[in-house]
Undergrad: 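The structure under discussion is supplied below as structure tokens; questions concerning it will follow.
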2 protein chains.
Amino acid sequence: MKIYDISMNINPNIVVYKNKEDKKPQFATTKQGYVYETNLTLNLHTGTHIDAPLHMIENGNPIGDYDLNRFITKAQVLDFSHLKQNISANDLKQKQITPNTFVILKTKNSYDKDFNFEFVYLDKTGAEYLSHIPVIGVGIDALGIERNQPKHDTHKTLLSNNIAILEGLYLKDIKEGNYMLLALPLKINEAEAAPTRAVLIKLPKAE
Amino acid sequence: MKIYDISMNINPNIVVYKNKEDKKPQFATTKQGYVYETNLTLNLHTGTHIDAPLHMIENGNPIGDYDLNRFITKAQVLDFSHLKQNISANDLKQKQITPNTFVILKTKNSYDKDFNFEFVYLDKTGAEYLSHIPVIGVGIDALGIERNQPKHDTHKTLLSNNIAILEGLYLKDIKEGNYMLLALPLKINEAEAAPTRAVLIKLPKAE
């Protein structure tokens with residue numbers, strides 16, 4: 001079985017949102033004889049993670065309220081690596097999106113080595129379009145699914161329409177097409193987000 | 001698809017090994033307007049997690065060296081909830097264990113509400129027996145796979161035989177039988193362990 005790992009590696013040098021110090025993970029390691037142990041301090045939005053409504057909506061649901069079926073599911077990778085700024089409804093209309101799948105947006109972000117303040121994002125019109133199809137989740141190869149939208153319209157549109165957001169993917173080696181997605185969030189039920197190990201498994205072409 | 005969640009919930013009251021303060025997770029939450037964000041400090045051996053050889057073997061391999069196929073795999077749940085102290089080779093011989101599966105040991109630990117200093121564990125003879133079958137991993141419903149073995153013989157036997165250890169499972173609702181296990185470790189490639197969201201999916205009975 002060919003497994004494509006689309007997760008970021010959590011280490012002291014991981015790229016973090018806007019290069020902010022407080023988003024960098026901290027490792028504290030002890031070694032007693034041969035017993036090696038680590039304490040990790042991690043912002044729940046560093047690396048590959050899933051956002052729940054609580055992150056951006058007052059009294060929204062926490063991560064534990066998602067049904068896990070949503071994270072063991074068919075996924076559709078859409079290649080938008082030709083876009084420079086954002087993904088809009090008009091861009092999404094060029095693709096045939098299957099309802100009730102988890103959509104994964106591949107952009108040129110996957111080729112960035114450092115944090116890119118001009119990362120490609122899903123704009124409000126794109127979020128509204130996906131909410132109408134509807135899809136069950138949206139993944140993207142950026143640490144945020146949006147920027148330059150002061151009221152966080154993309155987050156709010158998706159989260160209020162019960163669409164999960166999977167951020168911090170790494171999709172350089174992934175081609176457009178259909179996959180099985182496994183992206184179970186760490187069980188931190190009361191939190192607004194959870195770090196996630198996300199992988200894709202290639203499915204045969206639809207008949 | 002019926003998904004059995006066998007993970008512990010990470011929260012401030014989670015049961016930790018020997019009730020040690022330094023194993024308790026710490027949550028720091030900020031709220032700016034409607035934006036809610038958490039920093040989590042977590043010992044990598046708190047809650048459901050996978051151990052790699054580096055945890056107990058000098059210069060052993062870290063968690064990132066495991067092939068992910070090992071964590072998307074057939075698993076066999078063995079019910080040992082009648083045992084009071086430990087699981088030995090003699091106990092394991094009562095079961096028909098399929099080679100190259102991930103074995104999951106259900107014990108009376110799953111019924112404990114607090115940390116039980118006398119938790120049921122896999123002893124050295126059991127670890128050696130499983131290494132000879134061989135299995136690809138061993139899971140248990142305890143925060144340690146062993147106790148009372150000063151040289152950590154169970155860890156060392158399993159890890160030096162390339163058998164992954166999955167600790168901190170919660171198996172109260174799980175019956176003996178065959179399942180699919182999904183237990184991808186968080187991607188912290190250089191670490192000695194990683195927190196894991198582990199689930200079982202019921203498979204039809206073997207023909």
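Order of the sequence lines fixes the chain letters, A, B, ..., with proteins taken first and strands second; residue numbering starts at 1 for each chain.
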Undergrad: For the candidates A191(B), P185(B), A193(B), G47(B), which exhibits the highest count of non-hydrogen atom pairs separated by less than 4.5 Å from chain A?
TA: P185(B)
Undergrad: Between D22(A) and chain B, with a heavy-atom cut-off of 4.5 Å, which part of the residue counts as in contact: side chain, backbone, both or neither?
TA: backbone
Undergrad: So which of K31(B), H45(B), H155(B) has the largest heavy-atom pair count under 4.5 angstrom toward chain A?
TA: H45(B)
Undergrad: What part of K2(B) is in contact with chain A, defined as an atom under 4.5 angstrom from a non-hydrogen atom: side chain, backbone, both or neither?
TA: neither
Undergrad: Please determine, among E58(B), Q26(B), H55(B), the option with the most heavy-atom pairs under 4.5 Å with chain A.
TA: H55(B)
Undergrad: Does K172(B) make a cation-pi contact with Y170(B) (under 6.0 Å, within 45 degrees of the axis)?
TA: no
Undergrad: T48(A) versus chain B, heavy atoms under 4.5 Å apart: side chain, backbone, both or neither?
TA: neither
Undergrad: I'd like to know which of L68(B), T38(B), L54(B) tops the heavy-atom pair count under 4.5 Å against chain A.
TA: T38(B)
Undergrad: Would you check if there is a donor-acceptor pair between the side chains of D123(B) and Q85(B) at a distance under 3.5 Å?
TA: no
Undergrad: Is any NZ, NE, NH1 or NH2 atom of the basic residue among K156(A) and E146(A) found under 4.0 Å from an Asp or Glu carboxylate oxygen of the other?
TA: no
Undergrad: Quick check: do F80(A) and L92(A) have side-chain heavy atoms less than 4.5 Å from each other?
TA: yes
Undergrad: Quick one about T107(B) and D141(B) (side-chain donor to acceptor, distance below 3.5 Å, no hydrogens or angles considered), yes or no?
TA: yes
Undergrad: With chain B as the partner, which of T196(A), V199(A), N189(A), T29(A) has the greatest number of non-hydrogen pairs under 4.5 Å?
TA: N189(A)
Undergrad: If you count heavy-atom pairs under 4.5 Å with chain B, which of I3(A), L40(A), V35(A), L44(A) comes out on top?
TA: L40(A)
Undergrad: Quick one: which of L42(A), N9(A), I188(A) has the most heavy-atom pairs under 4.5 Å with chain B, could you say?
TA: N9(A)
Undergrad: Against chain A, work out which of D51(B), I201(B), I72(B) has the most heavy-atom pairs shorter than 4.5 Å and name it.
TA: I72(B)
Undergrad: Do L143(B) and M8(B) touch side chain to side chain, with heavy atoms closer than 4.5 Å?
TA: yes
Undergrad: Are T41(B) and P25(B) packed together at the side-chain level, in the sense that at least one heavy-atom pair is separated by less than 4.5 angstrom?
TA: no
Undergrad: For a 4.5 angstrom cut-off between non-hydrogen side-chain atoms, does Y66(B) reach P53(B)?
TA: yes
Undergrad: With a 4.5 Å cut-off on heavy-atom pairs, point out which of E190(A), M56(A), E37(A), H152(A) contacts chain B the most.
TA: E37(A)
Undergrad: Between the side chains of N162(A) and R70(A), is a donor N or O closer than 3.5 angstrom to an acceptor N or O?
TA: yes
Undergrad: What part of I14(A) is in contact with chain B, defined as an atom under 4.5 angstrom from a non-hydrogen atom: side chain, backbone, both or neither?
TA: neither
Undergrad: Under 4.5 Å, counting heavy-atom pairs only, tell me which of N69(A), N11(A), I57(A), D67(A) racks up the most with chain B.
TA: N69(A)
